[in-house]
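Any value given below was found using the heavy atoms of this structure, including those in side chains, with hydrogens, waters and symmetry copies removed. In what follows, residues are counted from 1 in the order of the sequence shown. Each ligand, and each atom within it, is numbered from 1 in the order the structure gives.
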Amino acid sequence: MTGPTFLERLHALCERQPDKVALIFLPEEGDGERLAERQAITYGELERLVRRGMAFLQAKGVEKGDRVALQLPKSLPFIILHLAVMRLEAISLPLNPGYPPRELLYFLDDAQAKLFFAADTARSALSPLLADLGSLEETIYLDTANGAALAALLAPYDPAQAASLPIPQERDATCLMIYTSGTTGRPKGAELTHGNLTANLDALHEAWGWREDDVLLHVLPIFHVHGLIVALHGALHAGATALLLPSFDARRTLQLLQDERCTVFMGVPAIHRRLVEVEGAAGYDLSHMRLLTSGSDRLPDDLFHRFRETFGHTLLERYGMSETGMLISNPLHGERRVGSVGLPLPGVEVRIVDPETEAPLPDGEVGAVQVRGANVCKGYWRQPEKTAEAFTADGWLRTGDLGLREPDGYITLKGRSKDLVISGGYNVYPPEVELVLASHPAVAASAVIGCPDPQWGERVTAVIVPKAGSAPTAREIIAYCRERLVSYKAPRQVIFVEALPRNALGKVQKAALRETICG
Ligand code: MCA
């Protein structure tokens with residue numbers, strides 16, 4: 001692989017266009033959206049802040065390979081610290097601010113995080129719990145709502161001190177860890193390297209025609225690959241400008257896309273659905289936009305058509321996963337085929353194989369989707385056996401999705417071989433929820449499935465056999481899960497049954513259950 005890495009490229013952009021605005025942070029709507037309250041950061045300021053951040057992290061003892069966890073809202077401190085960690089050859093570990101303490105502790109412990117940044121508002125809940133965490137040397141609480149807090153934190157540190165540090169050169173070194181769950185229920189950290197990020201960003205740059213004069217409206221969370229790599233890194237890699245909304249609001253999004261003359265927007269189907277449902281949606285002028293993408297969940301055909309009818313833009317559907325970044329995309333120019341995720345991105349190999357023998361299948365036959373390329377992660381953090389299970393001997397990653405290739409190369413996904421529910425673009429692994437349900441004193445057995453849902457795509461549904469003599473309520477079960485799991489993983493629906501359908505080996509037959517329960 002040749003060419004600069006993502007961090008080298010970003011550094012060069014900061015030197016070349018220091019006065020260009022890189023990031024604009026928009027306040028929550030209630031805060032009163034006036035120009036003066038926006039915070040604009042130029043590429044030059046970004047570089048200076050990242051260097052200060054590096055000097056600060058060095059003073060905290062952060063070294064190559066250390067894990068630094070960030071459970072912060074979408075904010076400037078998050079982005080500066082994230083970039084500074086990666087520039088120091090350490091590993092950034094972004095975490096959903098919605099994780100309840102129980103989930104959070106698992107991630108910090110499993111990753112053996114050395115330093116942890118959390119929101120100031122979480123201090124009283126977290127500080128007693130973190131005291132016993134072996135690897136954790138320090139937790140730093142930050143007031144991210146107050147722009148001055150970061151400046152105050154970093155002020156004593158000299159950006160010149162970090163200026164002499166080389167930009168990381170080792171492409172195989174892990175720089176980012178994203179936790180994903182799996183069939184065993186325990187989330188595992190996918191280790192993404194500098195080389196992975198670079199390969200993915202270069203491929204998307206070429207495929208989607210990113211330009212320096214692009215303006216991205218960013219509404220996604222930044223603790224996942226979609227919002228962090230594809231959207232935020234994508235804009236920075238292009239030297240473009242990203243306008244960041246702290247959270248998604250459909251009407252405001254349309255207003256901003258129109259008024260700010262944004263050129264790029266990325267969303268999940270649940271977001272696009274809300275956009276078309278805004279009253280008077282078709283009246284917003286989005287004619288200046290050049291790219292609107294959809295991912296993280298299958299784009300329903302009706303939404304594909306409705307979006308085009310409403311806004312005059314054809315959504316570009318693409319497919320990716322945490323372990324690989326983006327793999328397959330409909331083309332920027334050419335046919336964006338409804339129901340298909342498109343063609344493999346430059347440098348990404350995709351094959352469809354027989355799920356049993358793993359022999360490649362001819363076009364048109366449904367099989368398991370496997371992927372290989374410089375974008376694919378090197379494995380799971382400290383889980384060599386899980387890594388070995390995920391890859392074939394010749395280095396293909398088993399995605400867990402089923403699909404077929406059309407004779408002209410377009411790939412269409414046809415379901416999953418893994419047990420997974422996708423709710424509003426978030427992956428929910430049933431075993432993780434079932435593990436929590438199993439710990440409830442009134443639950444004898446449970447199975448978690450996804451039922452079709454007009455808002456979320458799939459609704460997390462718990463089917464429960466209560467213990468003899470107990471009569472739990474749905475409300476109780478949901479509350480119990482919410483205490484232990486981030487809210488989108490908690491069931492939205494609970495159904496009580498006398499028995500679960502099982503096969504001869506005692507395994508719950510989820511397909512049969514979906515048929516009877518989801519109707
Ligand atoms: C929010 N809620 C949800 C979800 N989101 N429930 C189920 N599924 C969800 N996805 C619930 C909250 O628990 C809360 O419930 C209520 O909805 C309102 O919460 P709020 O935060 O206001 O929700 P929202 O702002 O309306 O969020 C909807 C959303 C969000 C904007 C669609 O879910 C979202 O940003 N999704 C995108 C996820 C994403 O970026 N995925 C990428 C990962 P209550 O009121 O009862 O407490 S996948 C990825 O990265 C791969 C690589 C890829 O290919 O992209």
Protein residue, atom and distance nearest to [atom], heavy-atom basis:
| atom | result |
| --- | --- |
| atom 41 (N) of ligand 1 | G425 O, 2.9 Å |
| atom 33 (O) of ligand 1 | Y426 CE1, 3.5 Å |
| atom 25 (O) of ligand 1 | F248 O, 4.2 Å |
| atom 7 (C) of ligand 1 | S423 OG, 3.0 Å |
| atom 3 (C) of ligand 1 | W456 CH2, 3.3 Å |
| atom 24 (P) of ligand 1 | R274 NH1, 3.9 Å |
| atom 50 (O) of ligand 1 | H226 N, 2.9 Å |

Using a 4.0 Å heavy-atom cut-off, which part of [X] comes near ligand 1: side chain, backbone, both, or neither?
| X | answer |
| --- | --- |
| M321 | backbone |
| S247 | neither |
| V225 | both |

Between [X] and ligand 1, is there a nitrogen or oxygen pair with a distance under 3.5 Å?
| X | value |
| --- | --- |
| G424 | yes |
| G320 | yes |
| Y319 | no |
| R482 | yes |

Determine the interplanar angle of the Y426 and Y488 rings, folded into 0 to 90°, and report it as parallel if under 30°, tilted if 30 to 60°, perpendicular if over 60°.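 Because their plane-to-plane angle is under 30°, the rings of Y426 and Y488 count as parallel.
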Ligand 1 atoms in contact with [X] (distance to a heavy atom under 4.0 Å):
| X | value |
| --- | --- |
| S487 | 12 (C), 13 (O) |
| S322 | 52 (C) |
| R318 | 53 (C), 54 (O), 55 (O) |

In terms of side-chain geometry, is the basic nitrogen of [X] or [Y] positioned less than 4.0 Å from the acidic oxygen of its partner?
| X | Y | result |
| --- | --- | --- |
| D408 | R337 | yes |
| D301 | R306 | no |
| D249 | R274 | no |
| D172 | K378 | no |
| E483 | R102 | no |
| R252 | E260 | no |
| E389 | K188 | no |

Sub-4.0 Å protein heavy atom near [atom]:
| atom | value |
| --- | --- |
| atom 43 (C) of ligand 1 | yes |
| atom 14 (C) of ligand 1 | no |
| atom 22 (O) of ligand 1 | no |
| atom 46 (O) of ligand 1 | yes |
| atom 55 (O) of ligand 1 | yes |

Just checking F6 against H233, ring centres under 6.0 Å apart? yes
May I ask you to check whether over 12 heavy atoms, not counting those of E349, lie within 6.0 Å of atom CD? yes
Does atom CD (E279) have a neighbourhood of more than 12 heavy atoms from anything else shown, all under 6.0 Å? no
For ligand 1, is there an atom lying under 4.0 Å from some heavy atom of M326? yes
